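Keep in mind that what you see is a predicted model, and the values were worked out from it rather than measured.
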Protein chains: 2
Amino acid sequence: MVDAPERSVSDADEEIMRATYRALREHGYADLTIKRIAAEYGKSTAAIHYHYETKDDLLAAFLEYILDRFVAAIHDVETTDPERRLDLLLDKLLVDAEDHYDLLVAMLEMRSQAPYKEAFGERFRRNDEYVRYLLRTVIDDGIAEGVFADADAERVASALMTIVDGARTRAAVLEDPTELAAARRVTDEYVTATLLADES
Amino acid sequence: MVDAPERSVSDADEEIMRATYRALREHGYADLTIKRIAAEYGKSTAAIHYHYETKDDLLAAFLEYILDRFVAAIHDVETTDPERRLDLLLDKLLVDAEDHYDLLVAMLEMRSQAPYKEAFGERFRRNDEYVRYLLRTVIDDGIAEGVFADADAERVASALMTIVDGARTRAAVLEDPTELAAARRVTDEYVTATLLADES
DNA sequence: AGCTTCTTACTAACCGATCAATCAATTCCG
DNA sequence: CGGAATTGATTGATCGGTTAGTAAGAAGCT
């Protein structure tokens, strides 16, 4: 009953995910090897294989882990006021990414492998649908409350996500984090033009 | 004088570029090996190394080759009417990409390696600046001719490129080519709202 | 004692790159 | 003109290195 330390059964798993995270930021996805993950883990490569049969299994688990963290981060936007909530969501999607440039690059690498790794594609699509759902919902709420003009919430959400992904890709590829802040202003312009175009 | 065949000095180079292009579309950048390029080339791997010292050299040459083709394609937009020219440029950037999905994916892979391969980053930045110059110029021309409303051409061009890159990333990652056409409509909306907002 | 966890040592496959050797075409020279 | 020398292009074999994954047994915990 002395479960005080409460090192849960999958305690090692959590540490391996963290080690993978560090190795990924340090070496990038293309140069992410089991050896390097093991080095961060502080144990042998075989120890990794004890917990995860194949590298693919580990990577799939890691993608689950990292996207769950992302969802958790975006989930703590609790404001219900539609205009404020949309602002905060876009901040999470664009502004917060500035502090994690290495991760931004690595995630772009992983995303570029989606067409070749079905597990990746599936998980990225699911995440995409979740974000789209959040955006569509807040927009629809705003329309229902009358603070947003009548608009096609689905299309507006898609447009915003395209801008978000464009900014992330450009920030990573051009090694220019200011792309994110610039895109944040574009989303504001877009929101103002399409959702706040009141003819009062 | 009988230079009829005219197999130019760098004839082999051209064929290797084409072989690389085929191998890239077929296997993707991550799985692009000299062996696979040689297979497409129809000769041995050593034959590749005879023409290009290292794999990096070959890849740098290929990126030059493929981006030169892109520039050539975008260059044949000769219309001078600003509104029409902007439309055609955006068509080249978004609509035409639909026919080359495999290349779209591979180019995203290569772009994601820009932070690790300075030669890539440099070349991608140069290409980016060229596209930005084209867009800025056509917008400034339109403003000068009075067909576009007064606007910050640099910022509008950046916004359009963010949308373009977002659509390309999403089309590749989500394996959904319709993202491109959808983004094309967003650019139209954006152009209408920022450049054609005449209060006649 | 017995189960979980881990290490050491290993394999098989693949990678980019290098090597000497070969062949065909071209150039040089008497 | 014609043989000799040179050059460009290519092959097959191989090298050193790295990869993911495996096998067998030791350590440690309960």
Exercise answer: donor-acceptor pairs, residues 35-47 of chain B side-chain atoms, under 3.5 Å, sequence neighbours excluded:
{"unit_1": "B:Arg36", "atom_1": "NH1", "unit_2": "B:Asp31", "atom_2": "O", "d": "2.8"}
{"unit_1": "B:Glu40", "atom_1": "OE1", "unit_2": "B:Arg22", "atom_2": "NE", "d": "3.0"}
{"unit_1": "B:Ser44", "atom_1": "OG", "unit_2": "B:Ala47", "atom_2": "N", "d": "3.3"}

Side chains of residues 79-97 of chain B: which donor-acceptor partners sit under 3.5 Å, not counting sequence neighbours?
{"unit_1": "B:Asp81", "atom_1": "OD2", "unit_2": "B:Arg84", "atom_2": "N", "d": "3.2"}
{"unit_1": "B:Arg85", "atom_1": "NH1", "unit_2": "B:Val77", "atom_2": "O", "d": "2.7"}
{"unit_1": "B:Arg85", "atom_1": "NH1", "unit_2": "B:Thr79", "atom_2": "O", "d": "3.2"}
{"unit_1": "B:Asp87", "atom_1": "OD1", "unit_2": "B:Arg184", "atom_2": "NH2", "d": "3.3"}
{"unit_1": "B:Asp91", "atom_1": "OD1", "unit_2": "B:Arg184", "atom_2": "NE", "d": "2.7"}
{"unit_1": "B:Asp91", "atom_1": "OD1", "unit_2": "B:Arg184", "atom_2": "NH2", "d": "3.4"}

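Rounded to whole Å, atom C1' of D:dT19 lies 9 Å from atom CD1 of A:Ile34. Regarding A:Lys43, its NZ atom lies at a distance of 16 Å from the P atom of C:dT4, rounded to whole Å. Remark: P of C:dC15 and CD1 of B:Ile48 are 14 Å apart, rounded to the nearest angstrom. In this structure, CG of A:Leu32 is placed 8 Å from P of D:dA20, rounded to the nearest angstrom. In this structure, A:Asp13 places its CG atom 10 Å from P of C:dC6, rounding to the nearest Å.
Within residues 49-58 of chain B, the residues having any heavy atom closer than 4.0 Å to DNA chain C are, in order of number, B:His49, B:Thr54, B:Lys55. DNA chain C is contacted by no residue of residues 108-120 of chain B, taking any non-hydrogen atom closer than 4.0 Å.
Residues passing the side chain to side chain donor-acceptor pair (under 3.5 Å) test with B:Thr162: none are found, sequence neighbours excluded. Residues forming a salt bridge (Lys or Arg N to Asp or Glu O under 4.0 Å) with B:Glu129 (at least two apart in sequence, or on another chain): none. Checked against side chain to side chain donor-acceptor pair (under 3.5 Å), B:Asp152 has no partners two or more places apart in sequence or in another chain. Among residues two or more places apart in sequence or in another chain, the side chain to side chain donor-acceptor pair (under 3.5 Å) test is passed with B:Arg168 by none. Take B:Glu189 and apply the side-chain contact (heavy atoms from CB on, under 4.5 Å) test, not counting sequence neighbours, and it matches A:Arg155, A:Tyr190.
Among residues at least two apart or in separate chains, salt bridge (charged side-chain N to carboxylate O under 4.0 Å, His left out) pairs with a member in residues 56-71 of chain B are B:Asp56-B:Lys117, B:Glu64-B:Arg123, B:Glu64-B:Arg126, B:Asp68-B:Arg123. Residue pairs that meet the side-chain hydrogen bond (donor to acceptor under 3.5 Å, both in side chains) test with at least one member in residues 134-151 of chain B, sequence neighbours left out, are B:Arg136-B:Glu154.
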Per-nt protein contacts along nucleotides 8-14 of chain C (heavy atom under 4.0 Å; B base, S backbone sugar-phosphate only, - none) come out as B------
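The closest side-chain heavy-atom distance from B:His100 to B:Leu104 is not below 4.5 Å.
Using a 30° and 60° split on the angle between ring planes, A:Phe62 and A:Tyr65 fall in the tilted class, from 30° to 60°.
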